[in-house]
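Quick note: residue numbers are just sequence positions, from 1. Atoms within a ligand are numbered from 1 in the order they appear, just like the ligands themselves.
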Amino acid sequence: MDVLVAGGSGFIGQALCRVLVDRGHEVTAASRTPDADGLPAAVETAVADVTDSNLEEVVDGHDAVVNLVALPSHVQPRGQSHEAVHFEGTRHLVAAAERTGVERFVQLSGLGVESGVDTAYFRAKRRAERVVRDADLEWVIYRPSVVFGDGCAFIPFVERLSPPLVTLLPGGERTWLQPIWVDDLAPMLADGLEDDRHVGQCYEIGGPERLTLAETVSRIRGGGAVVSIPMGLAAIAAILVDPIPWVPFGRDQYRVLGLDNTTADNDATEFGVSSKSLRTLSAYLADEHR
Ligand SMILES: NC(=O)c1ccc[n+]([C@@H]2O[C@H](COP(=O)([O-])OP(=O)(O)OC[C@H]3O[C@@H](n4cnc5c(N)ncnc54)[C@H](OP(=O)(O)O)[C@@H]3O)[C@@H](O)[C@H]2O)c1
């Protein structure tokens with residue numbers, strides 16, 4: 001199969017490209033500045049900006065498209081919006097796929113998009129899912145919990161934010177996560193491309209354990225106290241720092257506090273994987289070769 005991985009040079013993209021090449025597929029990784037470092041030598045790269053409405057040239061000739069294009073969920077970099085990248089970008093990729101005879105389209109969404117919580121990220125991801133579901137394509141949608149592994153943004157983000165001894169966390173004990181290892185997730189994405197059983201399905205995928213945000217931070221930091229900030233105080237802080245673009249906390253982040261980033265039933269089982277066989281965050285962090 002000839003697969004275009006949009007966002008293929010990103011964190012999940014690199015892991016997926018490795019699996020696809022190992023399974024004998026032809027792979028092109030497309031993004032604005034695709035970097036071949038970190039990709040298998042067999043992967044071709046292509047320049048594409050999904051905010052551009054004309055993506056036919058890049059998409060043409062592929063049997064399948066995987067959409068892994070992302071902006072960080074916690075911040076909108078200057079000049080870019082979740083609406084333009086996640087929603088319009090998906091619309092442009094889907095339209096190009098329909099016009100060029102692509103058969104299958106795999107979309108990465110996120111847990112909580114249908115929760116009713118209204119943030120710019122969730123709104124754009126929700127609308128993007130609708131575009132994919134309405135497309136004249138064989139589609140598969142994945143909603144993973146937070147993904148960890150080599151090259152992830154999540155672990156360095158926590159390490160950077162937290163001071164050495166005490167970490168102050170809004171919603172630390174209220175927010176639940178179900179972190180999944182990228183190398184457990186990537187084969188499930190590849191299965192979605194290969195196996196017709198997955199067409200028309202939306203999968204909620206998490207790792208083997210549910211952790212509070214405080215527990216997650218404590219594991220990453222290897223100890224130290226984690227103190228939850230009362231929600232009232234967090235609400236005031238969110239209003240005060242919301243206008244500051246580089247602060248990764250604001251009204252939208254306040255809105256997702258208390259929203260569980262966990263699955264009701266872990267759909268990892270739909271890929272013949274038992275939840276217990278998945279790698280835990282602790283096992284990953286303890287691995288000195290990572
Ligand atoms: N990581 C997680 O914990 C997590 C959890 C749930 C869902 N997801 C979803 O999984 C997907 C992949 O996430 P990720 O963590 O792998 O993201 P990532 O590491 O930030 O990679 C994003 C990719 O998108 C490309 N990109 C950004 N803007 C673009 C644009 N305008 N046009 C074309 N390419 C663009 C980037 O390359 P350039 O900069 O070269 O353009 C990069 O290759 C996203 O849909 C994300 O929402 C991730």
Subject >> Over 12 foreign heavy atoms within 6.0 Å of CD, Glu26 >> reply: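 Counting other residues, nucleotides and ligands, CD of Glu26 stays at 12 neighbours or fewer.
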Subject >> Flag if over 12 foreign heavy atoms under 6.0 Å of CG, Asp265 >> reply: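 Atom CG in Asp265 is not packed in, count stays at 12 or less.
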Which atoms of ligand 1 are found less than 4.0 Å from any heavy atom of [X]?
X	value
Gly10	19 (O), 21 (O), 42 (C), 43 (O)
Val147	2 (C), 3 (O), 4 (C), 5 (C)
Leu108	10 (O), 11 (C), 45 (O)
Val146	3 (O)
Tyr121	47 (O)

Min N/O separation [X] to ligand 1 under 3.5 Å:
X	answer
Val50	yes
Thr33	yes
Ser145	no
Thr51	no
Gly110	no

Original post:
Is Gly89 in contact with ligand 1, taking contact as a heavy-atom separation below 4.0 Å?
Top reply: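 Contact check Gly89 vs ligand 1: negative.
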Original post:
In terms of the angle between their ring planes, are Phe148 and Tyr284 parallel, tilted or perpendicular, with boundaries placed at 30° and 60°?
Top reply: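 Phe148 vs Tyr284 ring planes: tilted.
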Original post:
Between Tyr203 and Phe271, how do the two ring planes meet: parallel, tilted or perpendicular, split at 30° and 60°?
Top reply: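 Ring orientation, 0 to 90° scale: perpendicular.
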Original post:
Salt bridge or not for Arg279 and Asp183, using N-O below 4.0 Å?
Top reply: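 No.
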**OP:** Flag the pair Arg104 and Asp195 as a salt bridge only when some basic side-chain nitrogen lies within less than 4.0 angstrom of an acidic carboxylate oxygen.
**Re:**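 Between Asp195 and Arg104 there is no salt bridge, as every charged N stays at least 4.0 Å from the carboxylate O atoms.
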Original post:
Any idea which of Leu185, Leu111, Ile12 brings a heavy atom closest to atom 10 (O) of ligand 1?
Top reply: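 It is Ile12 whose heavy atom sits nearest to atom 10 (O) of ligand 1.
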**OP:** Please work out which of Pro179, Ser109, Ala70, Pro34 has its closest non-hydrogen atom nearest to atom 9 (C) of ligand 1.
**Re:**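 Result: the heavy atom closest to atom 9 (C) of ligand 1 is in Ser109.
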Original post:
Quick one: do the Ser9 and Asp35 side chains pair a donor with an acceptor below 3.5 Å?
Top reply: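 Judged by distance alone, the side chains do not pair up.
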One residue to check: [X]. Relative to ligand 1, which of side chain, backbone, both or neither has a non-hydrogen atom less than 4.0 Å away?
X	result
Lys125	side chain
Ala30	neither
Ala153	neither
Ala48	backbone

Subject >> Val21-Val19 co-clustered via ILVMFWY side chain contacts under 4.5 Å >> reply: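 Shared cluster, no.
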Original post:
Taking only residues at least two apart or on different chains, which pairs with a member in residues 121-130 satisfy salt bridge (Lys or Arg N to Asp or Glu O under 4.0 Å)?
Top reply: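 For residues 121-130: Glu83-Arg127, Asp118-Arg123, Asp118-Arg126, Glu129-Arg133, Glu129-Arg143.
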Original post:
Does any pair with a residue in residues 52-70 pass salt bridge (Lys or Arg N to Asp or Glu O under 4.0 Å), and if so which ones, sequence neighbours excluded?
Top reply: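 Sorted pair list: Glu56-Arg99.
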Subject >> side-chain contact (heavy atoms from CB on, under 4.5 Å) partner of Leu281, chosen from Ile220, Ile180, Leu177 >> reply: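 Running side-chain contact (heavy atoms from CB on, under 4.5 Å) over Ile220, Ile180, Leu177 with Leu281 returns exactly one hit, Ile220.
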